[in-house]
Amino acid sequence: QKEVEQDPGPLSVPEGAIVSLNCTYSNSAFQYFMWYRQYSRKGPELLMYTYSSGNKEDGRFTAQVDKSSKYISLFIRDSQPSDSATYLCAMSDKNTGFQKLVFGTGTRLLVSP
Amino acid sequence: EPEVTQTPSHQVTQMGQEVILRCVPISNHLYFYWYRQILGQKVEFLVSFYNNEISEKSEIFDDQFSVERPDGSNFTLKIRSTKLEDSAMYFCASSENTGELFFGEGSRLTVL
């Protein structure tokens with residue numbers, strides 16, 4: 001079983017749709033959960049992170065962590081064409097913190113006008 | 001806005017040759033990292049560097065890889081004898097403390 005699994009997509013939605021992106025993981029030691037956005041030919045850019053379980057909201061973005069199910073989600077409300085990118089989940093344990101991230105393969109999102 | 005810069009953006013090399021990828025981290029950052037992404041695969045951790053020494057490294061980071069901070073601004077990744085499977089996008093990142101990483105745009109390495 002892969003440590004972090006993520007559907008590669010592509011996920012195509014019309015502008016204004018609510019987008020749900022998800023990852024599952026197998027390592028119960030993971031405590032930091034992050035979502036990165038990567039535009040073509042660019043480096044990953046941190047969108048949000050949560051520590052342990054719970055929800056976090058930032059504007060149109062909401063991150064959820066369910067440690068009991070080993071499942072994390074990123075919701076994007078009122079999606080825009082500029083949200084078209086690859087979304088990477090990443091995780092790490094308490095000891096390494098942000099230093100040693102384990103990434104998913106990324107989900108490519110296409111938002112059409 | 002401060003950013004991590006990487007050079008070269010693309011390097012093509014012959015198998016067996018040495019390659020040095022260069023990074024200029026954000027100026028007040030103390031932690032430095034290299035990650036790589038083979039085409040179509042996930043971003044993978046290679047190494048983290050703090051206080052002039054390696055703090056963590058992955059199984060990928062074997063003896064053919066080395067990192068150095070030769071002066072106050074550059075952070076380099078050297079691959080001593082490149083193999084075909086080293087072809088990838090290499091991302092440098094830096095962080096002020098053990099928090100958020102800021103990634104550069106990457107250096108694409110093609111080994112022929």
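Each chain gets a letter, A, B and so on, in the order the sequences are listed, and its residues count up from 1.
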Part of Leu88(A) lying under 4.5 Å from any heavy atom of chain B: side chain
Linked, directly or transitively: Leu11(A) and Ile72(A) (ILVMFWY side chains, under 4.5 Å): yes
With the side chain counted from C-beta on, respond yes when Leu101(B) and Leu101(A) share a heavy-atom pair under 4.5 Å apart, and no when they do not. yes
Answer with yes or no whether the hydrophobic clustering places Ile18(A) together with Phe61(A); edges join I, L, V, M, F, W, Y residues whose side-chain heavy atoms lie under 4.5 Å apart. no
Enumerate the disulfide bond (SG atoms under 2.5 Å apart) contacts for residues 75-112 of chain B, please, sequence neighbours excluded, ordered by first and then second residue. Cys23(B)-Cys92(B)
In the single-linkage hydrophobic clustering (I, L, V, M, F, W, Y; side-chain heavy atoms under 4.5 Å), do Leu21(B) and Val47(B) co-cluster? yes
Hphob cluster co-occupancy, Met34(A) + Phe102(B), side-chain heavy atoms under 4.5 angstrom: no
Leu112(B) atom CG, neighbour heavy-atom count above 12 within 6.0 Å: yes
Minimum heavy-atom distance Gly43(A)-Phe91(B), with the two atoms named: CA-CE2, 3.5 Å
Chain B against chain A: donor-acceptor pairs under 3.5 Å:
residue	atom	partner	partner atom	Å
Gln38(A)	NE2	Gln37(B)	OE1	3.4
Lys42(A)	NZ	Glu105(B)	OE2	2.8
Gln99(A)	O	Tyr35(B)	OH	3.4
Gln99(A)	OE1	Ser55(B)	OG	3.4
Leu101(A)	N	Tyr35(B)	OH	2.9

Could you see if Leu47(A) belongs to whatever hydrophobic cluster contains Val4(B)? Use Ile, Leu, Val, Met, Phe, Trp, Tyr and a side-chain cutoff under 4.5 Å. no
